Number of protein chains: 2
Amino acid sequence: MAEAPIQPQTRADEAFDCLQTAIVTGELAPGEKIGEVELCSRFNLTRGPLREALGRLESRGLLVRRPHAGVKVVSVSAAELLELYRIREVMEGLAARQAAERMTDEEIAELQSTLDSHEKMIEQAQGQAYYQAEGDYDFHHRIATGSRNAKLAQMLLGDLYYMVRMYRYRLSTSAGRPHKALDEHRRIVEAIAQRDSELAEFLMKRHINAARQNIEQKIRNGLLAI
Amino acid sequence: MAEAPIQPQTRADEAFDCLQTAIVTGELAPGEKIGEVELCSRFNLTRGPLREALGRLESRGLLVRRPHAGVKVVSVSAAELLELYRIREVMEGLAARQAAERMTDEEIAELQSTLDSHEKMIEQAQGQAYYQAEGDYDFHHRIATGSRNAKLAQMLLGDLYYMVRMYRYRLSTSAGRPHKALDEHRRIVEAIAQRDSELAEFLMKRHINAARQNIEQKIRNGLLAI
DNA sequence: CGAGGCGGTATTGTTGACAATAAATGCCTC
DNA sequence: GAGGCATTTATTGTCAACAATACCGCCTCG
């Protein structure tokens with residue numbers, strides 16, 4: 001894959017990575033107000049690079065900043081989370097369509113083999129939810145880059161996924177869903193392998209739509225406090 | 001509307017706005033390598049806020065930055081510009097669909113009246129291209145915000161439009177297209193007014209698809225050097 | 001007793017100087 | 001004369017001090 005550089009090349013990059021993962025993992029809770037100096041001591045940084053990272057995070061919508069009043073982690077309401085899935089639906093649908101047109105045969109083969117390993121991960125039930133989440137992320141990540149649409153991949157991987165992942169960590173997938181999701185992944189890859197771009201788009205949209213409905217149902221049942 | 005604050009609230013915001021408009025208008029040409037100190041003197045800023053703005057611009061994909069090697073304005077190839085339109089197609093389709101479901105009657109009425117004024121602007125042929133571009137931007141802007149999908153609006157208005165507008169300035173619309181575009185706008189609004197979300201999505205997608213093909217054709221004819 | 005204004009304090013925004021890195025130039029060697 | 005290496009230089013990255021602003025508690029006044 002080779003996505004992350006060997007090491008953050010500059011202190012600002014380092015700060016950016018630290019903050020981003022801290023937000024995604026929930027180490028910095030949504031809605032939490034955070035002071036700059038506190039963050040500096042926490043991540044061994046100085047305020048210059050930190051502020052630069054803060055700006056980038058704000059631009060990506062993970063932070064909100066009020067002038068002279070500090071920054072706080074964005075808190076996404078349940079409704080907004082569902083809206084995110086609406087966006088994912090159309091964007092990843094496009095990604096799947098373009099991936100079907102443009103992925104190399106090697107990439108498709110790799111994609112299929114990753115699905116195999118995801119299946120194994122799910123079989124050994126321990127840590128099922130976590131591995132499923134990671135596997136799911138891996139799958140969608142590959143489709144996004146496989147679209148050969150740089151901006152699309154950037155928006156999906158840089159903007160949307162991080163916001164969704166904020167909630168993945170506390171959103172344990174419901175029983176039975178992992179298998180269903182994997183099956184849906186399989187069908188999408190199948191369509192891509194057959195270069196059936198229309199079908200790939202359709203299946204991807206339906207896949208994400210199903211995930212959204214899954215969350216929607218949980219919210220209705222009060223199983224999910226956001 | 002009331003979008004832009006009365007004045008940039010902080011120096012970094014000011015820097016961000018300056019740089020962004022400078023890039024969009026072409027004052028800073030794509031591919032141009034720019035030094036920080038030069039920018040500082042040009043916009044009467046100091047390097048701190050400037051760097052913060054630079055980070056935000058980079059995060060939005062208008063700049064590319066190589067550590068210790070300076071920043072340069074992103075140069076979008078013809079192929080990438082067309083890819084941008086593919087993204088717009090699906091995202092604005094979604095925006096139109098949600099706008100049809102969620103815009104208030106007042107907003108729809110306003111939208112219709114803005115179309116009237118756009119028509120007048122086109123009638124008086126002078127500066128046709130410019131007004132058309134602005135009117136087009138205005139229209140799509142309203143649809144995006146009308147979707148009541150904050151993240152969608154943010155991604156469209158914050159990420160995509162600025163990149164597209166970089167090329168709008170040198171992309172004179174072809175003869176006859178303004179009228180056609182206005183007509184397409186009219187139909188979309190009509191669908192929204194009738195709360196026909198499916199039709200609104202369809203028409204919007206087709207509208208942007210037509211714009212893309214228009215550009216594609218120009219590129220093929222060598223009328224467009226990118 | 002409540003509301004509004006006022007000052008202290010802590011936090012953010014900004015600045016200029018310092019250090020580290022990469023590009024560029026000139027020199028030396030082959 | 002050409003190529004590679006070391007030095008120089010300019011640019012970026014980083015830091016710590018300074019200034020400006022908003023929040024909080026207190027006091028006064030209605």
Side-chain angles (χ1 to χ4, degrees), chain A residues 4-23 27-75 158, chain B residues 4-23 27-75 158:
Chain A
I6 320 84
Q7 56 181 351
Q9 299 192 327
T10 175
R11 305 286 279 182
D13 291 338
E14 192 184 330
F16 183 75
D17 288 351
C18 285
L19 278 264
Q20 189 163 16
T21 60
I23 291 171
E27 192 179 327
L28 262 43
E32 185 178 350
K33 185 184 163 296
I34 45 184
E36 292 187 2
V37 286
E38 186 196 333
L39 289 176
C40 289
S41 59
R42 198 147 148 188
F43 295 108
N44 274 48
L45 293 163
T46 156
R47 281 185 58 214
L50 181 90
R51 282 182 62 81
E52 212 175 304
L54 252 37
R56 299 209 290 214
L57 265 324
E58 186 199 17
S59 180
R60 292 204 176 181
L62 265 66
L63 293 176
V64 290
R65 194 135 70 129
R66 254 191 13 218
H68 298 279
V71 336
K72 70 179 210 283
V73 181
V74 74
S75 71
Chain B
I6 320 80
Q7 56 182 350
Q9 300 191 326
T10 176
R11 303 286 280 182
D13 291 338
E14 192 184 329
F16 183 75
D17 288 351
C18 285
L19 278 261
Q20 191 164 32
T21 59
I23 291 171
E27 192 180 326
L28 263 44
E32 185 178 350
K33 185 184 164 295
I34 43 184
E36 291 187 2
V37 287
E38 186 197 333
L39 289 176
C40 289
S41 59
R42 198 145 148 190
F43 296 106
N44 275 48
L45 295 162
T46 66
R47 283 186 55 217
L50 181 88
R51 283 181 62 81
E52 212 175 302
L54 252 36
R56 298 210 291 217
L57 265 325
E58 186 199 16
S59 180
R60 292 204 175 181
L62 265 65
L63 256 44
V64 291
R65 197 137 64 131
R66 255 192 11 219
H68 297 280
V71 340
K72 70 179 211 282
V73 180
V74 75
S75 70

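Here is the naming used below: chain letters follow the sequence lines, and residue numbers restart at 1 for every chain. Because the structure is predicted, anything quoted here is derived from the model rather than measured. What you see below is based on every heavy atom in this structure, not just the backbone, and it leaves out hydrogens, waters and symmetry mates.
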Want to settle it: does Pro67(A) or Arg66(B) sit nearer the 5' end of DNA chain D, counting the closest nucleotide to each? Arg66(B)
Quick one: is dT12(D) close enough that its OP1 or OP2 comes under 4.0 Å of any side-chain N or O from Thr10(A)? no
Taking all atoms of both residues into account, what is the closest heavy-atom pair of [X] and [Y], and its distance?
X	Y	answer
Pro30(B)	Val74(B)	CB-O, 3.5 Å
Cys40(B)	Arg47(B)	SG-CG, 3.4 Å
Ala12(B)	Ala53(B)	O-CB, 3.9 Å
Glu27(A)	Glu32(A)	O-OE1, 4.3 Å
Thr46(B)	Pro49(B)	OG1-CD, 3.2 Å
Asn44(A)	Arg11(A)	O-NH2, 3.4 Å

Could you check if a side-chain atom of [X] sits within less than 4.5 angstrom of a side-chain atom of [Y], using non-hydrogen atoms only?
X	Y	answer
Arg56(A)	Asp13(A)	yes
Leu62(B)	Val73(B)	no
Ile34(A)	Arg42(A)	no
Leu19(A)	Phe43(A)	yes

Leading and trailing nucleotides of DNA chain C with any atom under 4.0 Å from heavy atoms of chain A: dT12(C) to dT14(C)
Is a side-chain donor or acceptor of Ser59(A) paired with a backbone partner of Gly55(A) at a separation under 3.5 angstrom? no
Specify the separation, in whole Å, of atom [atom1] of [X] and atom [atom2] of [N].
X	N	atom1	atom2	result
Lys72(B)	dT12(D)	NZ	P	14 Å
Arg65(A)	dA22(D)	CZ	C1'	15 Å
Leu45(A)	dG13(D)	CG	C1'	13 Å
Asp13(A)	dG13(D)	CG	C1'	11 Å

Would you write out the dot-bracket form of DNA chain D, 5' to 3', with Watson-Crick and G-U pairs under 3.5 Å, [ ] for crossing pairs, | for pairs to other strands and . for unpaired bases? ||||||||||||||||||||||||||||||
Summarise how protein sits on nucleotides 6-11 of chain D as a single string, 5' to 3': B when a protein heavy atom is under 4.0 Å from the base, S for sugar-phosphate-only contact, - for no contact. ------
May I ask you to verify whether the side chain of Arg47(B) and the base of dG13(D) hold a donor-acceptor pair under 3.5 Å? yes
